[in-house]
Amino acid sequence: RKAASEDGYEYVGKMARAQCSPDEYSDVATLVLQPKHKAIKALFTQRFEGGAFFAEFSLVFTYGIAFLATLLSFGMAMPFGLFVPHIYAGACLGRLAGQMVKRVYPEAPVHLGVYALVGAAGQLAGICRMTVSLTMIMVEITNNMRLMVPVMLCIMVSKFVADFFGPSAFQTAIELNPLIRMIQGDWQDAASGITLQDVCTKEVVVLHSQMRIGKVVAVLNSVPFQMFPI
């Protein structure tokens, strides 16, 4: 897309040029080909050099790529993470909403970066179901207490809507892992009177700080668990 001429706005952000000519830029390259922290910073930016902007299709396309890649990589034994990808994806949807509001009300003082921030908070709240801690994290990102109310409202609405459809991503991952056993919350009522002493064993199997490999293997083969006090 060709960049417009200078329109008097002070410089805030700059789109990536990628393989474009000097007077053009690529909004998709800015979102997809750059490191994620630079892409998120661009989404939180209000104005760009030369009047550049993100097209609605580019934001939807980038959101689809980020969301699909996060779904495919979640649960793998690799450091993909959840926070940054969902901040990235939510910022795309938030900025898209801001640009649509700007199109309906062209004279309104719409800050597209704030919409991206609120969208990132809502996306992350729907996945992680965090409330207070997530609000503090997002407010610390901006260092602006005036954004606490809209961020908090978005997080609460996102959490309530997500709770209606199912548990969080972390709880679902724990339930799908056969190696993890979670005690349900109603177990205490059915087992009133049972203390910790009743469920512990008196014959404690320990591993010493110095042991022969053969003894360690023998201990591991003789018990059904894999954690020992040292």
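Sequential numbering from 1 along the given sequence is applied to the chain's residues. In this text, all values refer to a predicted model and were calculated from it rather than measured experimentally. FYI, side chains are in, hydrogens and waters are out, and symmetry mates aren't considered; it's all heavy atoms of this structure.
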What's the separation between atom [atom1] in [X] and atom [atom2] in [Y], rounded to the nearest 0.5 Å?
| X | Y | atom1 | atom2 | result |
| --- | --- | --- | --- | --- |
| Arg95 | Glu56 | CZ | CD | 10.5 Å |
| Cys154 | Leu147 | SG | CG | 12.0 Å |
| Met148 | Arg146 | CE | CZ | 13.0 Å |
| Cys92 | Ile65 | SG | CD1 | 9.5 Å |
| Leu124 | His86 | CG | NE2 | 7.5 Å |
| Met136 | Thr131 | CE | OG1 | 10.0 Å |

Side chains of [X] and [Y] in contact at under 4.5 Å (non-hydrogen atoms):
| X | Y | answer |
| --- | --- | --- |
| Leu31 | Val28 | no |
| Leu207 | Val219 | yes |
| Leu134 | Cys128 | no |
| Phe53 | Asp27 | no |

Any donor-acceptor pair under 3.5 Å linking the side chain of [X] with the backbone of [Y]?
| X | Y | answer |
| --- | --- | --- |
| Ser222 | Ala218 | yes |
| Tyr63 | Tyr88 | no |
| Ser58 | Phe54 | no |
| Thr62 | Leu59 | no |
| Gln34 | Thr30 | yes |

Looking at residues at least two apart in the chain, or sitting in another chain, which of them share a side chain to side chain donor-acceptor pair (under 3.5 Å) with Lys159? Asp163
Do [X] and [Y] sit in the same hydrophobic cluster, where Ile, Leu, Val, Met, Phe, Trp and Tyr count as joined when their side-chain heavy atoms come under 4.5 Å apart?
| X | Y | value |
| --- | --- | --- |
| Leu33 | Phe61 | yes |
| Val216 | Val223 | yes |
| Val104 | Val101 | yes |
| Ile155 | Ile40 | yes |
| Phe160 | Leu93 | no |

Does Ile213 CD1 have over 12 foreign heavy atoms under 6.0 Å away? no
Report the C-alpha separation of Ile87 and Gln123 in whole Å, then their side-chain angles, then the decisive distance to 0.1 Å, and conclude whether the side chain to side chain contact (heavy atoms under 4.5 Å, CB included) test is met. CA-CA 7 Å; Ile87 290 177; Gln123 174 84 9; over 6 Å; no
Take Val161 and Val157 through the test side chain to side chain contact (heavy atoms under 4.5 Å, CB included) and record every step on the way to the result. CA-CA 6 Å; Val161 173; Val157 171; 4.3 Å; yes
Output a table of donor-acceptor pairs, distance under 3.5 Å, between side-chain atoms of residues 110-122 and any protein atom two or more places apart or on a different chain; print 'none' if there are none.
from	atom 1	to	atom 2	distance (Å)
His111	ND1	Gly113	N	3.1
His111	ND1	Val114	N	3.3

If I compare all heavy atoms of Met130 with all of Ala125, which pair ends up nearest, and what's the gap? O-CB, 4.0 Å
How far apart are the closest heavy atoms of Ser158 and Gly126, and which atoms are they?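 Heavy-atom minimum between the residues: OG-N, 3.2 Å.
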